[in-house]
There are 2 protein chains.
Amino acid sequence: MAVTRRRGRAAGESTAGEIRSVALDQFYKHGFQATTLRDIASRVGIQVGSLYNHITSKGELLFDIMETVMLDLLEDQRQQAQEPDVVERMRLLVYHHVRFHGDRAKEVFIGNSELRSLNRQQRARIVTLRHEYEGMFQKELEDGIRQGKFLPVDVQLTAYGILAMTTWVSSWYSPRGRLSLEEIADIYSDMVLRGIWNPAAGQLQTHLRRVGRDSAKRLLAAAATK
Amino acid sequence: MAVTRRRGRAAGESTAGEIRSVALDQFYKHGFQATTLRDIASRVGIQVGSLYNHITSKGELLFDIMETVMLDLLEDQRQQAQEPDVVERMRLLVYHHVRFHGDRAKEVFIGNSELRSLNRQQRARIVTLRHEYEGMFQKELEDGIRQGKFLPVDVQLTAYGILAMTTWVSSWYSPRGRLSLEEIADIYSDMVLRGIWNPAAGQLQTHLRRVGRDSAKRLLAAAATK
DNA sequence: TAGACAAACTAACGATCGCTCTTTGGCACA
DNA sequence: TGTGCCAAAGAGCGATCGTTAGTTTGTCTA
């Protein structure tokens, strides 16, 4: 009997790439545990057993996704950390954190919700990378406080708060939503800076991108005439 | 042959209560999908089949937990919403959101991470309750902006941000940590108010609980003399 | 003391899981 | 035109899952 065998490849993507991309979708939609290899295989258009020509295990597939996105994020943000002014540096970190979390929402969401599904060594590796990343924000807060630009806030709590607020973008952002990713990133960077700015260090205005800059006079005037 | 049969009850808790409490722990630690009824049963000290004298299904057990915590949260916060001053009202909402999310971290964490594991009707119900809750924060923001107390920020994004930051407390808070839950709640309420306060409406100081109130002079002086 | 009832037990069903192993098809290259 | 090899198919293993059914036990009540 003639057997229909999958031939050739989708344009520009290897089977391994397809598997990774389909797994990403399914892990994002249904979670790692609820996603079966049979589901992934059928969406790629191959049989379950054939998956193992490309992956070593289901768990390793998850780990690859999570490690890749963390390494990419760290690399992106190390670029921003070269800005000399501490306030601007913090603004850039927040801004690009939001951008990254919107652009790569699925991977990031998985990275934040599937730590439990990793084995001990895998989890240790990811946790190390995450600590390293959190450290970047804590360092900027400490710098800013030392320079008198930021209020002497609790560094750990503030970093957690900033990261939580901006990371959450990955769970609701849609490219077809009311606001562009750039607008969202601007709004959140402004909010963060206002939340930690030390009034004794002068005006924050020059660092803001939306409320308080171009539109500042209009907005404040509107509020005052109420 | 004599069979050892589970007799009596743990002090003060019914079997149904024990099941719920054990399920809570396991769903929190390993997630819903990764938790088996055999695991729950063995921790309660009964056989798998016996569970069904107390639950209707595994999924219903999850839904019960998620609905209960949302209803309790809504009830708690409706109390706070009676405060007449809008700034203080917002502060109380944030403060009690943090307290609730620390006190009932496990339930809340499950509520935020297991939406995917519910069926269609269950999910619709929980989503409705969550929308209702988010609405409380959006309403306060609108009120505050209308009164000129808050900057004319994007209401939806700001509400999302506030809720994300404060909800995240449930994933790291420990009663044995460096800060008490009350301190954490104070710090975050202050941060939120600073982030949305309209300078044209005067001083924020009287509404703050930590930075900017008792310790304000010292902190600002320290920053200024740098 | 008999009977009703709640709640435990045991056993097993059917489905599905991740994964392994063997076989087979078809393309690149000699 | 042959040949080697990669990647597919396909069958199936052993374990485990949620759930159901039937039975047994202990206790409270009439």
Side-chain angles (χ1 to χ4, degrees), chain A residues 1-24 26-27 29-65 110 114 116-120 122, chain B residues 1-24 26-27 29-65 114 116-119 122:
Chain A
M1 187 203 298
V3 169
T4 307
R5 178 172 282 247
R6 185 165 180 271
R7 281 290 108 227
R9 302 178 160 161
E13 194 160 28
S14 65
T15 302
E18 276 187 76
I19 291 171
R20 194 195 169 89
S21 143
V22 167
L24 193 61
Q26 297 307 111
F27 290 168
K29 271 191 223 158
H30 310 295
F32 173 76
Q33 305 275 1
T35 299
T36 72
L37 292 182
R38 280 165 177 83
D39 179 32
I40 294 175
S42 88
R43 282 168 197 273
V44 172
I46 60 178
Q47 298 297 313
V48 205
S50 309
L51 284 178
Y52 284 81
N53 289 318
H54 306 280
I55 66 173
T56 65
S57 76
K58 190 191 178 194
E60 200 67 33
L61 182 56
L62 173 64
F63 176 72
D64 275 351
I65 291 174
I110 293 169
E114 296 292 0
R116 291 185 298 203
S117 304
L118 298 174
N119 67 33
R120 194 179 304 274
Q122 290 171 333
Chain B
M1 188 205 294
V3 169
T4 306
R5 179 172 281 248
R6 187 167 178 271
R7 282 288 109 228
R9 299 179 160 158
E13 194 160 27
S14 66
T15 301
E18 276 187 78
I19 290 171
R20 195 195 168 87
S21 144
V22 167
L24 192 61
Q26 296 308 110
F27 290 169
K29 271 191 225 162
H30 310 295
F32 173 76
Q33 305 274 1
T35 299
T36 72
L37 291 182
R38 281 164 177 83
D39 179 31
I40 294 175
S42 87
R43 281 168 197 272
V44 172
I46 60 177
Q47 298 298 311
V48 205
S50 308
L51 285 177
Y52 284 81
N53 289 318
H54 306 280
I55 68 173
T56 64
S57 75
K58 190 191 176 192
E60 200 67 33
L61 182 55
L62 173 65
F63 176 72
D64 276 351
I65 291 173
E114 296 292 0
R116 290 184 300 201
S117 304
L118 299 174
N119 67 33
Q122 290 170 335

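Protein chains get the first letters and strands the later ones, always in sequence-line order, with residue 1 at the start of each.
- Listed by first and then second residue, the salt bridge (charged side-chain N to carboxylate O under 4.0 Å, His left out) pairs that reach into residues 49-58 of chain A come to none, sequence neighbours excluded.
- In terms of phosphate contacts, Thr15(B) brings no side-chain nitrogen or oxygen within less than 4.0 Å of OP1 or OP2 of dA7(C).
- Distance CG (Leu51(A)) to C1' (dC17(C)): 13 Å, rounded to an integer number of Å.
- Every residue meeting the side-chain contact (heavy atoms from CB on, under 4.5 Å) condition with Ser50(B), not counting sequence neighbours, appears here in chain and number order: Ile46(B), Gln47(B), Asn53(B).
- The base of dA8(D) is paired with the side chain of Asn53(A) by a donor and an acceptor separated by under 3.5 Å.
- Annotation: ring-ring contact (aromatic ring centres under 6.0 Å, His included) contacts involving residues 33-55 of chain A, sequence neighbours excluded, are absent.
- Between His54(B) and dA8(C) there is a side-chain polar atom (N or O) within less than 4.0 angstrom of OP1 or OP2.
- Among residue pairs with one or both ends in residues 42-52 of chain B, those qualifying as salt bridge (charged side-chain N to carboxylate O under 4.0 Å, His left out) are Asp39(B)-Arg43(B); sequence neighbours excluded.
- For Glu114(A), the side-chain contact (heavy atoms from CB on, under 4.5 Å) partners at least two apart in sequence or on another chain are Phe32(A), Leu62(A), Met66(A), Ile110(A), Ser117(A), Arg116(B).
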Going 5' to 3' through nucleotides 16-22 of chain D and flagging B where a protein heavy-atom sits under 4.0 Å of the base, S where only the sugar-phosphate is that close, and - otherwise, we get -BBBB--
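- Between Thr15(A) atom OG1 and Ile55(A) atom CD1 the span is 12.5 Å, to the nearest 0.5 Å.
- Checking the phosphate oxygens (OP1, OP2) of dA8(D), no side-chain nitrogen or oxygen of Gln47(A) falls inside 4.0 Å.
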